[in-house]
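Have a look at the structure below before the remarks.
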Number of protein chains: 2
Amino acid sequence: MHNENVYIFLGFMSTMNRRATIRDVAELAAVSVATVSRVLNGSELVTGITADSVRLAAERLGFRLNSIGRNLRSTKTQTIGVILPTLTHPVFADCLQAIEIKAADSGYGLVIATTSYDPANEERASELLLRNRVDGLILTVANANKSRLLEKLDREAKPYVLVYNQPTGAAKHRASVGVDNRLAAKQVTEHIIANGHRHLCMVSGPFAQSDRARARARGFADALEHANLPATAPLQVDFMRTDIRAQLFEVTSTRPTPTAFFCSSDQLAIRVMHSLRSLGLRIPEDVSVAGFDGITLGDWLTPALTTVVQPTNEIAESAFTLLKSIIDGERYLGSARLHHTLRTGGTVAKPPDHPAQSPKKGTL
Amino acid sequence: MHNENVYIFLGFMSTMNRRATIRDVAELAAVSVATVSRVLNGSELVTGITADSVRLAAERLGFRLNSIGRNLRSTKTQTIGVILPTLTHPVFADCLQAIEIKAADSGYGLVIATTSYDPANEERASELLLRNRVDGLILTVANANKSRLLEKLDREAKPYVLVYNQPTGAAKHRASVGVDNRLAAKQVTEHIIANGHRHLCMVSGPFAQSDRARARARGFADALEHANLPATAPLQVDFMRTDIRAQLFEVTSTRPTPTAFFCSSDQLAIRVMHSLRSLGLRIPEDVSVAGFDGITLGDWLTPALTTVVQPTNEIAESAFTLLKSIIDGERYLGSARLHHTLRTGGTVAKPPDHPAQSPKKGTL
DNA sequence: ATGAAAGCGCTAACAT
DNA sequence: ATGTTAGCGCTTTCAT
């Protein structure tokens, strides 16, 4: 019927250096823009026939909805922002991947920013996303109890859900999804102790960068106390920036020599094992090592890494679902403490009968 | 001077459930919206005094620029889209991280989507980003020579830069950044051969999902041919979905037994090593393994993984810079073939004097 | 140096 | 069931 017009328009549009708008579609389909909008949004109010002609016109013109126009008008963007410390750590990368799948599934887009564990970047990152008017945020901050960014989000009543963070005390109202870090850390530590170890050392990332690390250190302390073992201060290492071999040499050559190391993350555990081996120590014959996170890769190592598994996909999905209900106006929603599991690999075993051989000085 | 008004407005705005707009700022500063816009965009045309009063008003009102309004008007979004197969693979996660840092640095936002290596998802993902009118795209597709998505981008003259993909032939015009996969693969293979191996097996991800894998397989074949060794077909494994142990058992129990494995990625190499070890083979005493990518983690393994290192950060930065110049209107820009390096770890050594011991049947 | 006014593409009242 | 119209927040001529 409109065939002639169609071709005229096609030629017209392809000549123009401008994308077809809803208006062009309306014109070609000989309906109003409102009708086109309704069809685009799947409104039931439109007759099948007109709807078809609109869809045809849209296709002919290579029409693609301009989300910006829609967003400006509807003050919703169908986009959520994700702020994470880094993607270099598999825990966060895998989490983001899971969020992306879930979001895409629900028709949401994702805009992301990373902070390199620096609260100053949290500020910058959030402003970028907020200017883009994301509907809500999924994020991991350095400290969920004291965070300028979270105060801002609270003040502005911007929906957000924390992942991995575990706010406590006055910050308990903040929506979060993750495992019970303290309890989980206590349990791995107990597992190590159950293997017969009496001299344990915790190796942790910088406390200032991670409330998780602090919570895990408390769980570590809990287990020691419960087993009547003397408390030992965690060794804090900035393993992203510095070589940890020297610090480990220090520890392994001080009496009483630790026979087991609990690391605050799997990534750190892998680095620690590497350093220990380079100091001439075998794992687990001379020294045991456990991690935290449950990254897939830990399972492919030989021996496989003993660790606490956080259910990454569940965390991501749960966070997204929770965020969406907050966005949709439900308030006073609780946080989710998800189940963790202990994965016993081969890196934790009985301590050696004789005190660990003193490490070779090697190339230190 | 305007102190009284200021407080009235402050109370006003905080009572309102609406963010301050440029108009509110203009009113409070007693200037026009145009002036406010100029100040916000750092125009030189505004007097210092008026600029200050605008900035003051903006701060008082807690004004935050609405990018959506700006984007709609200026038809630029200062946002780039990133489409990658997965973030579960450190190569892509690290690349995305590097892109994010570079983009943030240049005031660009990032919207992302993943495809799970499925071209159908490439379509979905790209539509999401294009509806959001990203200024350009950085992406890795399954096949850079034959891609519906890339044809669409070409047709629409949408700026994009491929990463890791290496288009050839008729697709050579497509902007891309990465290493010479074929050459690099040839060189690792030569390194393996130089260690004395005569029976090599390549283990690869599915060719259909990755033109890189295909290019690397060609490099592998090049090296075999150059050394007058018989060509062997790569073992294609879908290691994300299936257990590869059975397939490796097959290979290691067929004569001539391979003494070395070249894997199309580090992640795959790690899985292969795990499977080989579970078959009772020691690395590198019984069998050598090499990877491709140079993920950081390979260095922390014991022994460290022998592999080709792709310069992830340079790839990301180079891709962003190239994309930006395309966006800024420069045409006919070449692609970048970046340098790769061979990282010799401990996983490749001389083949055993006697043919590799036949693998234990174990729990198979 | 600053202002007035148009309009980017879309949705949502309201009207019919 | 469909059309008319106002306007979301901003930038950008064009005036002055």
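Here is how names work: the chains are called A, B, and so on, in the same order as the sequence lines, proteins then strands, and each is numbered from 1.
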- Task: List for me each residue that meets salt bridge (Lys or Arg N to Asp or Glu O under 4.0 Å) alongside A:K324, sequence neighbours excluded, and say none if there are none.
- Result: A:D328

- Query: Can you check the A:E27 CD to C:dG9 P distance for me, whole Å?
  - Reply: 13 Å

- Message: I need the minimum non-hydrogen distance between B:G81 and B:L129, along with the two atoms involved.
- Response: CA-CD1, 3.6 Å

- Protein-proximity profile, nucleotides 2-8 of chain C, B/S/- by nucleotide at the 4.0 Å heavy-atom cutoff, equals BBBBBBB

- Distance in angstrom units between A:I68 CD1 and C:dT11 P, rounded: 13 Å

- Applying salt bridge (Lys or Arg N to Asp or Glu O under 4.0 Å) to A:D105 and not counting sequence neighbours gives none

- Rounded to 10°, tell me the angle between the two end axes of the helix from C:dA1-D:dT16 to C:dT16-D:dA1, each built from five pairs. 30°

- Query: Among all residues two or more places apart in sequence or in another chain, which pass the side-chain contact (heavy atoms from CB on, under 4.5 Å) test with A:L128?
  - Reply: A:R131, A:N132

- Task: Give the rounded distance in Å between these two atoms: CZ of A:R23 and P of C:dT11.
- Result: 15 Å

- Message: What is the first contacted nucleotide of DNA chain D and what is the last, in 5' to 3' order, if contact means an atom lying under 4.0 angstrom from a heavy atom of chain A?
- Response: D:dA1 to D:dG9

- Sorted by chain and residue number, the side-chain hydrogen bond (donor to acceptor under 3.5 Å, both in side chains) partners of B:T88 (sequence neighbours excluded) come out as none

- Task: Output all residues satisfying salt bridge (Lys or Arg N to Asp or Glu O under 4.0 Å) with A:E127, sequence neighbours left out; order by chain, then residue number.
- Result: A:K152, B:R64

- Query: NZ of A:K76 versus P of C:dA12: gap in Å, rounded?
  - Reply: 11 Å

Can you list, pair by pair, the side-chain donor-acceptor contacts under 3.5 Å of residues 157-164 of chain A, counting residues two or more places apart and other chains?
| from | atom 1 | to | atom 2 | distance (Å) |
| --- | --- | --- | --- | --- |
| A:K158 | NZ | A:V134 | O | 2.8 |
| A:Y160 | OH | A:D154 | OD1 | 2.8 |
| A:Y160 | OH | A:R174 | NE | 3.4 |

- Task: With sequence neighbours excluded, give me every side chain to side chain donor-acceptor pair (under 3.5 Å) pair touching residues 31-44 of chain A.
- Result: A:S32-A:T35, A:S37-A:N41, A:N41-A:R70

- Closest non-hydrogen atom pair, A:G178 against A:I315: CA-CD1, 4.2 Å

- Item | Listed partners of B:P85 passing side-chain contact (heavy atoms from CB on, under 4.5 Å), at least two apart | B:F92, B:T115, B:Y117, B:T140, B:R212

- Task: Under the salt bridge (Lys or Arg N to Asp or Glu O under 4.0 Å) rule, collect the residues that match up with B:D52, sequence neighbours excluded.
- Result: B:R55

- Message: Under 4.0 Å, counting only non-hydrogen atoms across every strand here, what does B:N71 touch: a base, just sugar-phosphate, or nothing?
- Response: nothing

- Using a cut-off of 4.0 Å on non-hydrogen atoms, how would the nucleic acid contact of A:L40 be classed: base, sugar-phosphate, or nothing? nothing

